[in-house]
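The shown structure was predicted, so the numbers you read here are calculated from the model rather than taken from an experiment.
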Amino acid sequence: MRLVLLGPPGSGKGTQAVRLKEHLQVPHISTGDLLRAEVAAGSKLGLEAKEVMARGELVSDAILLGMLEDRFSRPDTANGFILDGYPRNRAQAQALDTLLAKIGQPADVAVLLEVPSELLVERIAGRAKAEGRADDTPESVRTRLKVYSDQTAPVVDHYRQHDILRAVDGVGSLDEVFARIVESLGAGRAVG
């Protein structure tokens with residue numbers, strides 16, 4: 001199973017990805033974790049990324065794709081993977097499709113966790129308070145959610161057009177949401 005996990009900040013992607021990793025017996029690939037690991041390892045791409053980040057810039061799609069290509073070449077991805085945090089825009093989705101086609105591992109399904117914005121604001125604000133983060137005010141969270149929506153709506157459309165998008169209600173207990181995700185993977189129900 002080659003799964004792309006989509007959803008706004010606070011939708012539970014990371015939590016559910018960990019559970020799906022165990023259930024599907026495939027690696028969870030978070031682009032944020034991958035980037036940090038490559039920088040820490042001092043790889044060629046990691047050093048390039050470190051230099052870019054030191055200038056306060058965003059790491060280019062080319063660097064991220066290079067890291068993903070290297071990660072997908074490892075033996076543990078032979079039976080699939082869960083990709084979390086990428087793609088974030090249509091250009092990245094198209095580049096990912098090209099990369100996955102090149103290595104003969106096209107995405108099987110894209111799961112979108114749907115959670116109402118106000119609940120996301122509550123979740124992130126609660127998490128920020130618990131973690132002592134002052135930067136996640138309700139206003140800043142709403143701004144991040146607007147940016148996410150503007151940038152990723154085309155990604156959702158991209159996967160819908162490829163007939164591999166599955167929308168899942170992300171509201172409920174961890175077990176309820178997990179059960180819905182697993183059901184969507186087996187049901188083959190496309191979202192049109």
Side-chain angles (χ1 to χ4, degrees), residues 1-17 19-21 24 26-35 58-69 71-72 77 80-121 123-124 140-172 176-192:
M1 172 71 59
R2 293 175 300 272
L3 169 67
V4 176
L5 197 53
L6 305 170
S11 63
K13 290 186 310 293
T15 300
Q16 293 298 340
R19 298 182 84 177
L20 285 165
K21 172 185 175 180
L24 299 172
V26 296
H28 168 214
I29 301 171
S30 158
T31 50
D33 292 347
L34 184 60
L35 185 59
L58 292 175
V59 175
S60 73
D61 288 350
I63 291 174
L64 275 175
L65 277 171
M67 289 180 180
L68 284 169
E69 183 170 12
R71 182 63 184 89
F72 292 145
T77 64
F81 50 81
I82 301 159
L83 185 57
D84 170 15
Y86 192 91
R88 292 179 183 249
N89 58 50
R90 185 179 290 275
Q92 289 179 350
Q94 291 167 336
L96 178 64
D97 285 352
T98 301
L99 169 61
L100 294 175
K102 175 181 153 187
I103 63 173
Q105 291 199 48
D108 294 311
V109 64
V111 172
L112 171 64
L113 291 177
E114 296 182 313
V115 179
S117 293
E118 286 311 306
L119 181 54
L120 292 170
V121 171
R123 284 182 181 179
I124 294 171
S140 69
V141 171
R142 284 187 188 91
T143 300
R144 283 174 43 207
L145 292 174
K146 168 98 174 79
V147 169
Y148 168 84
S149 177
D150 291 348
Q151 290 181 351
T152 58
V155 174
V156 170
D157 289 340
H158 174 84
Y159 288 116
R160 182 177 288 120
Q161 290 166 2
H162 285 77
D163 201 28
I164 63 168
L165 182 70
R166 309 289 180 266
V168 173
D169 181 358
V171 178
E176 289 168 340
V177 175
F178 180 73
R180 287 184 207 125
I181 293 170
V182 171
E183 181 181 348
S184 79
L185 298 178
R189 176 186 61 87
V191 177

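- Proximity of P87 to D61: side-chain heavy atoms (C-beta onward) are nowhere separated by under 4.5 Å.
- Minimum heavy-atom separation, V177 to V168: O-CG1, 4.3 Å.
- We find the CG-OG distance between L35 and S30 to be 9.5 Å, quoted to the nearest 0.5 Å.
- Remark: side-chain polar atoms of S149 are not paired, donor with acceptor, to backbone N or O of K146 under 3.5 angstrom.
- For N89 and Q151, the side-chain atoms include no donor-acceptor pair closer than 3.5 Å.
- With hydrogens and angles ignored, the 3.5 Å screen pairs no side-chain donor or acceptor of D108 with any backbone N or O of L3.
- To the nearest 0.5 Å, the span separating OG1 on T152 from CD on Q92 amounts to 11.0 Å.
- Contact of the T77 side chain with the Q105 side chain is registered, since non-hydrogen atoms from C-beta on lie closer than 4.5 Å.
- The CD1 atom of I82 sits 10.5 Å away from atom CD of Q16, with the distance rounded to the nearest 0.5 Å.
- Remark: the backbone N or O of V115 is not paired with any side-chain donor or acceptor of S11 at under 3.5 angstrom.
- Atom CG of L68 is separated from atom CD1 of I103 by 9.0 Å, given to the nearest 0.5 angstrom.
- A 4.5 Å side-chain heavy-atom check between V4 and V155 finds every atom pair outside the cut-off.
- Heavy-atom contacts from other residues, nucleotides or ligands closer than 6.0 Å to CZ of R123 number more than 12.
- Remark: side-chain polar atoms of Y148 are paired, donor with acceptor, to backbone N or O of G7 under 3.5 angstrom.
- Distance check: E114 CD to L6 CG gives 10.5 Å after rounding to the nearest 0.5 Å.
- A donor-acceptor pair under 3.5 Å links the side-chain atoms of R180 to the main chain of D169, judged by distance alone.
- The two atoms that bring L65 and A95 nearest to each other are CD1-CB, 3.3 Å, heavy atoms only.
- Here the shortest heavy-atom pairing between P27 and G80 reads CD-O, 3.3 Å.
- Contact record, V109 with M1: CG1-SD, 3.6 Å, taken as the closest heavy-atom pair.
- No side-chain heavy atom of L120 sits less than 4.5 Å from a side-chain heavy atom of P9.
- Put simply, the side chain of L185 reaches to within 4.5 Å of the side chain of L20, judged on heavy atoms.
- Counting only heavy atoms from C-beta outward, the side chains of I29 and Y86 never approach each other to under 4.5 Å.
- For H158 and D97, the side-chain atoms include at least one donor-acceptor pair closer than 3.5 Å.
- Using a 4.5 Å heavy-atom threshold, the side chains of L112 and Y159 count as separate.
- Rounded to the nearest 0.5 angstrom, L165 CG and D157 CG are separated by 9.0 Å.
- At a threshold of 4.5 Å between non-hydrogen side-chain atoms, the residues P106 and R2 count as touching.
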